[in-house]
Q: 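Have a look at this one before I ask anything.
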Amino acid sequence: MNIKKYLSDQVALALTLAGVPEGSEPLVTQSTRAEFGHYQANGVLPAAKRMQVNPRDLASKVVDQLKLETVAEKIEIAGPGFINIHLTSDWLARNCEAALADDHLNANRNAEPEIVVADYSAPNLAKEMHVGHLRSTIIGDAIARVLEFQGDHVIRQNHMGDWGTQFGMLIAHLEDRLTAENSLTEVELEDLEAFYREAKIRFDEDAGFADRSRAYVVKLQGGDAHCNALWQKFIDVSVAHSEAIYRKLNVSLTHQHIRPESAYNDDLPKVVAELKRQLIVVQDQGAQVVFLEEFADKDGKPSVVIVQKTDGGYLYATSDLAALKYRNDELQADRILYFVDARQSLHLQQVFTVARKAGFVSDSVSLEHCAFGTMMDADGKPFKTRVGGTVKLAELLDEAVERARRLVEQKNPELTAVERDEVARKVGIGAVKYADLSKNRTSDYMFNWNTMLSFEGNTAPYLQYAYTRVQSIFRKAGVDPQNLSGELHLSESSERALALKLLQFNETLDLVARECLPHLLCTYLYELASDTMSFYEACPILKDGVDPVSKASRLLLCQFVARTLKEGLDLLGIEVMDRM
RNA sequence: GCGCCCGUAGCUCAAUCGGAUAGAGCAUCGGCCUUCUAAGCCGAGGGUUGCAGGUUCGAUUCCUGCCGGGCGCGCCA
């Protein structure tokens with residue numbers, strides 16, 4: 001049950017019956033204030049304007065046609081022509097019971113599932129993953145999970161950077177280390193960042209090394225066996241590093257989702273040839289370029305996309321085009337999502353435009369750049385180490401767990417060592433992820449240890465805590481939440497508010513899936529946890545004097561909360577625990 | 001120079017297609033633990049939504065111009 005959609009359909013019907021012409025939207029939303037009921041329909045105002053009639057008169061006609069006998073206890077016309085709908089407690093209760101009986105919490109399952117390609121994470125394998133990779137990885141993963149939950153067929157694509165020019169110097173350096181130290185083990189490759197720095201220094205300071213590096217790029221791309229073996233060794237180590245991070249982060253990406261840049265090597269000449277055949281590409285200053293009038297400046301000067309360099313080499317625009325073609329032709333995508341930094345906005349718009357022009361992607365396919373901002377430090381500057389270097393993601397996560405562990409030790413010394421480790425891990429990682437996911441994707445955000453780990457307000461620990469309190473009630477009651485029975489009775493206002501919030505899980509997910517905005521789910525879960533805490537304070541469950549009917553009803557409500565919190569957090573890739 | 005994004009309470013952030021009196025948290029102040037985990041709950045104060053116009057029944061939201069900040073713009077990715 002999606003209440004918003006249900007009421008929208010009812011109001012749309014009433015609008016038609018009241019003589020409103022086609023094309024008028026019911027505009028049903030959650031009410032902005034409690035006195036305005038649970039939902040409000042705003043569609044009468046624009047409709048009345050178009051019909052040149054008094055909006056309150058029209059609203060009255062629409063209300064007369066609204067068939068919500070068992071659903072609404074009161075339907076009011078307010079202000080200039082808003083329709084306020086107050087739902088009955090009984091209807092809310094029956095819908096809660098229906099959701100509880102469904103292992104999917106009555107969430108929507110798309111009748112016509114789409115094939116959605118989600119392109120996210122995409123680390124550069126030349127280096128270690130750093131904080132700059134966090135947003136793409138966790139935002140993309142959350143959206144992939146939500147779409148999957150709603151029934152879409154999600155194909156994750158980890159477009160790892162394994163083919164840049166840097167690999168020349170990396171394999172040259174690796175080659176020297178292997179011969180110089182006889183049997184270099186993977187151990188020394190483990191610090192990829194240090195290895196990269198060493199290679200870079202040699203490249204900058206040693207002309208001979210630089211020349212050999214450049215030659216190795218050409219040999220590598222030409223299929224030279226020796227260079228490819230070195231390259232493969234390096235890639236294996238780097239991929240293993242990324243996968244360790246994914247496990248630590250509780251991100252659903254695995255080996256099978258990797259389709260790196262090099263996978264498109266053979267397609268690159270074909271892409272350029274096809275663009276030439278269609279006269280989309282022209283030679284300019286020695287390079288193969290596409291001029292796009294679509295992105296011309298005021299003087300009509302078009303923007304430029306280079307697809308092949310003067311020396312014959314290809315660029316990332318070329319492999320992005322090849323990837324689009326693959327996703328259209330082979331993966332049969334209906335929707336392709338790019339979880340990529342906002343700074344790449346122009347690049348992606350250009351690539352999308354070229355792909356459409358060349359017919360690499362059908363018109364029916366939706367191409368969406370899910371852009372996100374930069375992670376800033378407490379001073380509002382891009383997040384760096386004290387000396388100005390990039391912060392390794394692995395170190396950031398370790399610090400989060402360590403900080404969480406210190407807090408757990410202090411707040412709850414009664415936990416066993418095993419429990420403490422588990423709580424520290426789930427809370428620390430959850431805090432980092434939630435701090436990011438809860439901010440609007442499109443803007444930059446401030447990273448602040450104290451705020452995210454304060455365990456107060458809109459944070460992961462607060463949500464996890466709400467879950468543990470509910471679990472604690474089940475333990476105290478000695479019941480198995482799977483086997484609860486009885487009916488729901490919503491007598492207290494905090495119970496009604498909680499029930500309504502619980503039933504809004506679906507419409508929240510619809511919005512998150514459509515707009516690819518995880519922070520909407522975070523806001524929802526925070527409000528749910530907050531409503532749960534209020535309910536918990538106002539409505540005793542196990543205390544003396546609570547009648548059995550209320551007790552059974554409230555336990556059911558608790559179970560609905562627990563399942564929704566757990567599911568919602570799981571969609572964000574955040575784990576819960578029974579006690580903390 | 002051109003283009004894109006942003007500017008909301010002291011701070012960090014919300015505001016669902018243009019809807020009613022712009023909401024939370026932190027911080028500040030005041031209450032609530034012999035009773036289901038106080039990592040909590042209840043309450044108070046705090047706003048010319050950068051500025052000036054425009055569109056309209058209605059603008060944080062759309063348009064124009066300024067001011068301020070970030071980012072991008074031919075052979076890296």
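A note on names: the letters A, B, ... follow the listed sequences, proteins ahead of strands, and every chain is numbered from 1.
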Q: Can you check whether Ser534(A) has a side-chain N or O nearer than 4.0 Å to OP1 or OP2 of C42(B)?
A: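 The answer is yes; a side-chain N or O of Ser534(A) sits under 4.0 Å from OP1 or OP2.
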Q: Which whole number of Å gives the distance between the P atom of U60(B) and that of G19(B)?
A: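 Between the two P atoms, the distance is 10 Å.
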Q: Let's see if you can work this out: which of U37(B), A27(B), C36(B) has an atom nearest to the side-chain heavy atoms of Ser472(A)?
A: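 Taking heavy atoms from C-beta onward, the closest nucleotide is U37(B).
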Q: Between the protein and nucleotides 75-77 of chain B, list every N/O to N/O distance that falls short of 3.5 Å.
A:
unit_1: C75(B); atom_1: O2; unit_2: Thr310(A); atom_2: N; d: 2.8
unit_1: C75(B); atom_1: O2; unit_2: Thr310(A); atom_2: OG1; d: 3.1
unit_1: C75(B); atom_1: N3; unit_2: Thr310(A); atom_2: OG1; d: 2.8
unit_1: C75(B); atom_1: N4; unit_2: Gln285(A); atom_2: O; d: 2.6
unit_1: C76(B); atom_1: OP2; unit_2: Lys309(A); atom_2: NZ; d: 2.7
unit_1: A77(B); atom_1: O3'; unit_2: Glu261(A); atom_2: OE1; d: 3.3
unit_1: A77(B); atom_1: O3'; unit_2: Glu261(A); atom_2: OE2; d: 2.8
unit_1: A77(B); atom_1: N6; unit_2: Tyr316(A); atom_2: OH; d: 2.7
unit_1: A77(B); atom_1: N1; unit_2: Tyr316(A); atom_2: OH; d: 3.4

Q: Rounding to an integer number of Å, can you tell me how far Glu515(A) CD sits from U61(B) P?
A: 19 Å
Q: Which atoms of nucleotides 3-8 of chain B (N or O only) lie under 3.5 Å from a protein N or O atom, and what are those distances?
A:
none

Q: If you measure from the ring centre of Tyr526(A) to the centre of the six-membered ring in the base of A24(B), is it under 5.5 Å, with the planes under 30° apart?
A: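 The base of A24(B) is not stacked with Tyr526(A) (the test needs centres under 5.5 Å and planes under 30°).
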Q: Here's one to test your reading of the geometry: is the NZ or CZ of Arg56(A) within 45 degrees of the ring axis of Phe82(A) and under 6.0 Å from its centre?
A: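 No.
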Q: Among C41(B), A20(B), A14(B), which nucleotide has an atom closest to any side-chain atom of Gln40(A)?
A: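 Among C41(B), A20(B), A14(B), the one nearest the side chain of Gln40(A) is A20(B).
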Q: Whole angstroms only, please: what is the OH-P distance between Tyr462(A) and U37(B)?
A: 16 Å
Q: Any carboxylate oxygen within less than 4.0 angstrom of a Lys/Arg side-chain nitrogen, looking at Asp510(A) and Arg514(A)?
A: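 No.
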Q: Between U16(B), A14(B), A20(B), which nucleotide has the shortest distance from any of its atoms to the side chain of Phe36(A)?
A: A20(B)
Q: Nearest to the side chain of Lys49(A), which nucleotide is it out of U12(B), U37(B), U56(B)?
A: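 The nucleotide sitting nearest to the side chain is U56(B).
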Q: Considering only heavy atoms from C-beta outward, does the side chain of Leu367(A) approach that of Leu324(A) to under 4.5 Å?
A: yes
Q: Got a salt bridge between Lys5(A) and Asp9(A), using NZ or NE/NH1/NH2 to carboxylate O under 4.0 Å?
A: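 Salt bridge between Lys5(A) and Asp9(A), a charged N being under 4.0 Å from a carboxylate O: yes.
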Q: Which of the following nucleotides, G74(B), A38(B), G19(B), is nearest to the side chain of Val289(A)?
A: G74(B)
Q: Could you work out which one of A14(B), C57(B), A20(B) sits closest to the side chain of Thr523(A)?
A: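 Between A14(B), C57(B), A20(B), the one nearest the side chain of Thr523(A) would be A14(B).
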Q: Does Pro55(A) reach a base, just sugar-phosphate, or nothing at all? Heavy atoms under 4.0 Å.
A: nothing
Q: Answer yes or no: is there an ion pair linking Asp436(A) with Arg135(A), defined by an N-O contact shorter than 4.0 Å?
A: yes
Q: Less than 4.5 Å apart, side chain to side chain, heavy atoms only: is that true for Leu509(A) and Gln150(A)?
A: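 They are in side-chain contact.
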Q: Apply the syn/anti split at 90° from 0 to C57(B) and say which one it is.
A: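 C57(B): anti.
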Q: Rounded to whole angstroms, how far apart are CD on Gln30(A) and P on A15(B)?
A: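 To the nearest whole Å, that distance equals 13 Å.
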Q: May I have the distance from Gln52(A) (atom CD) to C57(B) (atom C1'), rounded to whole angstrom?
A: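 After rounding, the gap between these two atoms is 13 Å.
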Q: Rounded to whole angstroms, how far apart are CG on Leu463(A) and C1' on A39(B)?
A: 12 Å
Q: Does the side chain of Leu500(A) come within less than 4.5 Å of Gln504(A)'s, by heavy atoms?
A: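 Sidechains of Leu500(A) and Gln504(A): in contact.
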Q: Hey, could you give me the OG/OH distance between Ser31(A) and Tyr39(A), rounded to the nearest 0.5 Å?
A: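 Reported value, rounded in 0.5 Å steps: 9.0 Å.
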Q: So what does Lys301(A) hit on the nucleic acid, given a heavy-atom distance under 4.0 Å: a base, only sugar-phosphate, or nothing?
A: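 No contact.
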Q: Quiz question: going by heavy-atom distance under 3.5 Å, is there a donor-acceptor pair between the base of U37(B) and the side chain of Arg579(A)?
A: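 No pair found.
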Q: Between A24(B) and U34(B), how many Å separate the two P atoms, rounded to a whole number?
A: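 Straight-line distance between the two P atoms is 29 Å.
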Q: Is Glu492(A) salt-bridged to Arg496(A), going by a charged N under 4.0 Å from an acidic O?
A: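 Salt bridge: no.
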Q: C1' atom, C5(B) versus G50(B): distance in rounded Å?
A: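 That atom pair is separated by 16 Å.
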Q: For Leu27(A) and G58(B), what is the distance between atoms CG and C1' respectively, to the nearest whole Å?
A: 14 Å
Q: Side chain of Lys439(A): nearest nucleotide among C71(B), A14(B), A15(B)?
A: A14(B)
Q: What is the distance, to the nearest angstrom, from the CD atom on Glu456(A) to the P atom on A24(B)?
A: 17 Å
Q: What is the nucleic acid contact for Glu35(A), judged by heavy atoms within less than 4.0 Å: base, sugar-phosphate only, or nothing?
A: base
Q: Given the P atoms of C63(B) and U56(B), what is the spacing between them in whole Å?
A: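 Straight-line distance between the two P atoms is 16 Å.
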Q: How far, in whole Å, is A9(B) from U28(B) if one measures between their C1' atoms?
A: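 Roughly 13 Å separates the two C1' atoms.
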Q: For the aromatic rings, using the six-membered ring if either is Trp, is the centroid distance between Tyr264(A) and His159(A) under 6.0 Å?
A: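 Centroid distance Tyr264(A)-His159(A): below 6.0 Å, so yes.
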Q: Given the P atoms of G46(B) and G23(B), what is the spacing between them in whole Å?
A: 13 Å
Q: Nearest 0.5 angstrom please: Gln464(A) CD to Arg469(A) CZ, how far?
A: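 One finds 15.0 Å between CD of Gln464(A) and CZ of Arg469(A).
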Q: Rounded to whole angstrom, note down the P distance from C2(B) over to C62(B).
A: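 These two P atoms come out 23 Å apart once rounded.
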Q: Is Thr468(A) touching bases, backbone alone, or none of the nucleic acid, heavy atoms closer than 4.0 Å?
A: base
Q: Quick one: label Pro540(A) by what it contacts on the DNA or RNA (base, sugar-phosphate, nothing), any heavy atom closer than 4.0 Å.
A: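 The answer is base, as Pro540(A) lies within the cut-off (heavy atoms under 4.0 Å) of a base atom.
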Q: Between Asp421(A) and Arg405(A) (salt bridge meaning N to carboxylate O under 4.0 Å), is one present in this structure?
A: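 A salt bridge links Asp421(A) with Arg405(A).
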Q: Is the base of C62(B) syn or anti, where syn means the angle lies within 90° of 0?
A: anti
Q: Taking CD in Glu414(A) as the centre, count heavy atoms belonging to other residues, nucleotides or ligands within less than 6.0 Å. Is the count above 12?
A: no
Q: When you get a sec, tell me which of A20(B), A38(B), U16(B) is the closest nucleotide to the side chain of Leu511(A)?
A: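 The answer is U16(B), which lies nearest to the side chain.
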Q: Under a 4.0 Å N-O cut-off, is there an ion pair linking Glu193(A) with Lys127(A)?
A: no
Q: In whole angstrom, give the distance that lies between atom NZ of Lys476(A) and atom P of U35(B).
A: 11 Å
Q: Is there a salt bridge (Lys or Arg N to Asp or Glu O under 4.0 Å) between Arg441(A) and Glu515(A)? Walk through the geometry before answering.
A: CA-CA 10 Å; Arg441(A) 198 191 73 214; Glu515(A) 308 289 336; over 6 Å; no
Q: What's the closest nucleotide to the Asn84(A) side chain, out of C36(B), A20(B), U12(B)?
A: A20(B)
Q: So what does Cys558(A) touch, heavy atoms closer than 4.0 Å: a base, only the sugar-phosphate, or nothing?
A: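 Contact class for Cys558(A): none.
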Q: Specify the residue among Tyr445(A) and Asn412(A) whose closest nucleotide of RNA chain B lies further upstream toward the 5′ end.
A: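 Per heavy-atom nearest nucleotide, the more 5' residue is Tyr445(A).
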Q: Stem ranges for RNA chain B, with three or more consecutive Watson-Crick or G-U pairs under 3.5 Å?
A: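 Correct response: B:1-5 with B:69-73, B:10-13 with B:23-26, B:28-32 with B:40-44, B:50-54 with B:62-66.
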Q: When the C1' atoms of A27(B) and C67(B) are considered, how many whole Å apart are they?
A: 30 Å
